Amino acid sequence: MNEIKAPKGTRDIFAPEIHKWHYLENAIHAYYKKFLYQEIRTPIFEHSELFSRGIGSETEVVQKEMYTFTDKSDRSLTLRPENTASVVRAAIENNLFENLVPLRFYYLGPMFRYDKPQKGRYRQFQQFGVEVFADDSPQVDAEVIFSAVDFLKKLEIESVQLDLNSVGCPQCRPAYLEVLKKAARAEESKLCADCRRKIDGNPLRIFDCKQPACAEAAGRFPVIGDHLCAECREHFVAVREALSWMNVPFVLNPRLVRGLDYYTKTAFEVTSGQLGAQNALLGGGRYNNLIKELGGPDMAGIGFAAGMERIILHLEHLELPGRKILFVAYGDPQWLAHAVQLAEVLREEGYPVYLDYQGKNLKKQFKKADRVAAAFTLLLAEDEIRSSSVSVKNMATQEQIKIPLKDLNAWLKENF
RNA sequence: GUGAGUGUAGCUCAAUGGUAGAGUAUCAGACUGUGGAUCUGACCGCUGCGGGUUCAAGUCCCGUCACUCACCCCA
């Protein structure tokens, strides 16, 4: 008999951690409402082709990490590894580009990638993110980046670094890639086997390699910043200027590349030293060709995605105020009916009320009240019932007073 | 996909190759109108799983699975 466990890379979330998730989710909704972003919820699985076309069929994510399956009608479907392609698809499909203003969305929900789990990395993981369409202004880039950093700041996550780069566009990137390949080939003998393979496939990834020899060689490679076309260069300058208006500090990182193919111009990433190897809290950038490539209008787009588990890891020491609750005790089962009715009235008034139906005697009930961390225990037994009152015990101070039932609500409003 | 570390009670951890233990939690009682403290008792295990070595394996060896961390990749 094998015990059935959660699949590798998945996990259960419950109290007390779940409180942090509620806190984070509420914070996301509240924060992005201020920017007039609208929440969008897209399916958790999509046609596989959406991701291979959107993310890029040569990317690591599409080649090795997708949960792809065939349904009973032989459709190839895939559990979403990220949400940008889906949001774009949804906007196209629902004609949102014509009807909805502003074209600014945020989302949150589970994503799936077949990765080897480690700290901050799961096979089912939660991301939240934003997508802004139809605006190529560099100031929008800055606003999106500002919102990401500022949001983390609001959560008191401040020991982070914002890396910024421009990865060019179809006008300038191909020429740069050729220059880069040439430089890499010239030093091919110094590179590791992995990086030699990257030269023809995705030479930008060589910059990611942590092998000292590769990093050393990559230090001499040309960087894209010197090969941007006029438009990309001006855009990048304007983004940096707008970030300075917003007092967002950043680190220019000419070696920053993104894992998904659709990025153009601005690319950014926020990392944290507190996370271990998987140190990216969020990453994103501009994708001015994605919407068109997926069959939509020729419109710009920019967004980012953040790893919620990784943010939760930064909320370790967050002290969430415990929910105050009332405990109704009844002493002897013969008074249970009165207790049930009192609990019902209290809940109707909005109070969180706990009633223990197994309470055999007062001692046990008070013990349970202690266990559930009740602020007050309301005792309803023979004396109280006879006098139409209730004994209210403050569990912290041990003070206990008898209050007429008709005054209870007013008293609680005052003291609870 | 590669590597390393760790798998013993619900949880945290002990146990020279020689009868599997403690703390904690849970339950009951001391204490039938009152919680936290204390004391007493009870419950708690195919030592991840499968092989092997040995008179004897939680302990040594091999395999396997799981978890953790790292590589890789990324949020």
Side-chain angles (χ1 to χ4, degrees), chain A residues 1-11 55 59-65 80-84 108-129 148 152 192-195 197-198 202 205 208-211 256-260 268-272 275-285 303-314 327 329-333 335 356 358-385 391-400 402:
Chain A
M1 186 184 74
N2 288 333
E3 189 185 356
I4 298 175
K5 298 195 208 160
K8 185 192 267 282
T10 69
R11 55 197 217 100
I55 297 170
T59 58
E60 191 98 1
V61 168
V62 170
Q63 294 221 317
K64 289 154 74 172
E65 298 178 358
R80 61 185 187 191
E82 58 100 50
N83 207 23
T84 299
L108 64 167
M111 309 294 159
F112 306 83
R113 291 184 199 173
Y114 190 86
D115 248 326
K116 187 126 170 181
Q118 66 186 71
K119 187 180 175 77
R121 186 169 79 185
Y122 300 94
R123 289 184 172 180
Q124 175 176 340
F125 58 102
Q126 305 276 331
Q127 282 189 334
F128 82 88
L152 295 177
C192 69
D194 250 13
C195 285
R197 227 174 302 121
K198 290 173 186 170
N202 195 346
R205 298 237 74 92
D208 281 342
C209 190
K210 283 157 194 149
Q211 300 281 331
L256 174 68
V257 295
R258 310 261 71 238
L260 314 180
F268 61 95
E269 187 168 282
V270 173
T271 55
S272 161
L275 278 176
Q278 305 303 316
N279 63 355
L281 272 174
L282 61 91
F304 71 83
M308 292 172 70
E309 282 82 1
R310 294 180 186 180
I311 291 176
I312 294 284
L313 285 174
H314 284 78
F327 189 99
Y330 48 88
D332 185 283
W335 314 118
D356 180 30
Q358 298 183 92
K360 297 183 186 81
N361 56 44
L362 264 189
K363 184 182 176 61
K364 297 243 184 300
Q365 290 175 31
F366 270 89
K367 193 169 179 126
K368 184 79 88 172
D370 191 48
R371 287 285 321 282
V372 301
F376 294 99
T377 296
L378 311 187
L379 174 59
L380 205 54
E382 189 168 3
D383 282 358
E384 288 80 4
I385 288 165
S391 293
V392 179
K393 179 169 183 177
N394 181 323
M395 296 300 280
T397 66
Q398 305 196 51
E399 290 171 291
Q400 181 168 320
K402 198 177 275 191

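In what follows, every chain begins at residue 1, and chains take the letters A, B, ... in the order their sequences are listed. The model shown is predicted, which means the values in this text are computed figures rather than measured ones.
If you take CZ of A:R123 and C1' of B:C73, they are 13 Å apart, rounded to a whole angstrom. Summarising the geometry, the separation between CD on A:E382 and P on B:U34 is reported as 15 Å, rounded to the nearest angstrom. What separates CG of A:L275 from C1' of B:U68 is a distance of 16 Å, to the nearest Å. Between the CG atom of A:D383 and the P atom of B:G33 there is a distance of 11 Å, rounded to whole Å. The interatomic distance linking A:E269 (CD) with B:C74 (P) rounds to 9 Å, in whole Å. If you measure from atom CZ of A:F327 to atom C1' of B:U34, you get 11 Å, rounded to the nearest angstrom.
Along RNA chain B, the nucleotide closest to A:K119 and the one closest to A:Q126 are compared, and the more 5′ of them pairs with A:K119.
Side chain of A:R310 to backbone of A:L281: no donor-acceptor contact under 3.5 angstrom is found.
For the segment residues 306-313 of chain A, residues with any heavy atom less than 4.0 angstrom from an atom of RNA chain B are, sorted by number, A:G307, A:R310.
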* Could you encode protein contacts along nucleotides 35-47 of chain B as a string, one character per nucleotide from 5' to 3', using B for base contact, S for sugar-phosphate-only contact and - for no contact, with a heavy-atom cut-off of under 4.0 Å? => BB-----------

* Asked: Could you spell out the base pairing of RNA chain B in dot-bracket, with Watson-Crick or G-U pairs whose two distances are under 3.5 Å, [ ] crossing and | to another strand?
  -> (((((((..((((....[..)))).(((((.......))))).....(((((..]....))))))))))))....

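Remark: A:K364 pairs with no residue by the salt bridge (Lys or Arg N to Asp or Glu O under 4.0 Å) rule, at least two apart or across chains. The ring pair (Phe, Tyr, Trp, His ring centres under 6.0 Å) test applied to A:F327 returns A:Y354, not counting sequence neighbours. With sequence neighbours excluded, the residues satisfying salt bridge (Lys or Arg N to Asp or Glu O under 4.0 Å) with A:R11 are A:E17. Among residues two or more places apart in sequence or in another chain, the side-chain hydrogen bond (donor to acceptor under 3.5 Å, both in side chains) test is passed with A:R121 by A:Q118. Applying the side-chain hydrogen bond (donor to acceptor under 3.5 Å, both in side chains) test to A:Q365 and every residue at least two apart in sequence or in another chain returns nothing. By the salt bridge (Lys or Arg N to Asp or Glu O under 4.0 Å) test, A:E65 is found to be paired with no residue, residues two or more places apart in sequence or in another chain being considered. For A:T59, there are no side-chain hydrogen bond (donor to acceptor under 3.5 Å, both in side chains) partners two or more places apart in sequence or in a different chain. Residues that satisfy the salt bridge (Lys or Arg N to Asp or Glu O under 4.0 Å) test with A:E384, not counting sequence neighbours, are absent from this structure.
For a distance-only test at 3.5 Å, the side chain of A:Q400 qualifies as a donor-acceptor partner of the base of B:U34.
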Show each protein N/O and nucleotides 1-8 of chain B N/O combination with a separation under 3.5 Å, one pair to a line.
unit_1, atom_1, unit_2, atom_2, d
B:U2, O4, A:K116, NZ, 2.9

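No side-chain heavy atom of A:E82 sits under 4.5 Å from any side-chain heavy atom of A:V61.
Closest approach to the A:S391 side chain among B:C71, B:G33, B:C74 is made by B:G33 (side chain taken as heavy atoms from C-beta onward).
Of the side-chain N and O atoms in A:Q118, none sit less than 4.0 angstrom from OP1 or OP2 of B:C69.
On the P atoms, B:A37 is 10 Å away from B:U26, given to the nearest whole Å.
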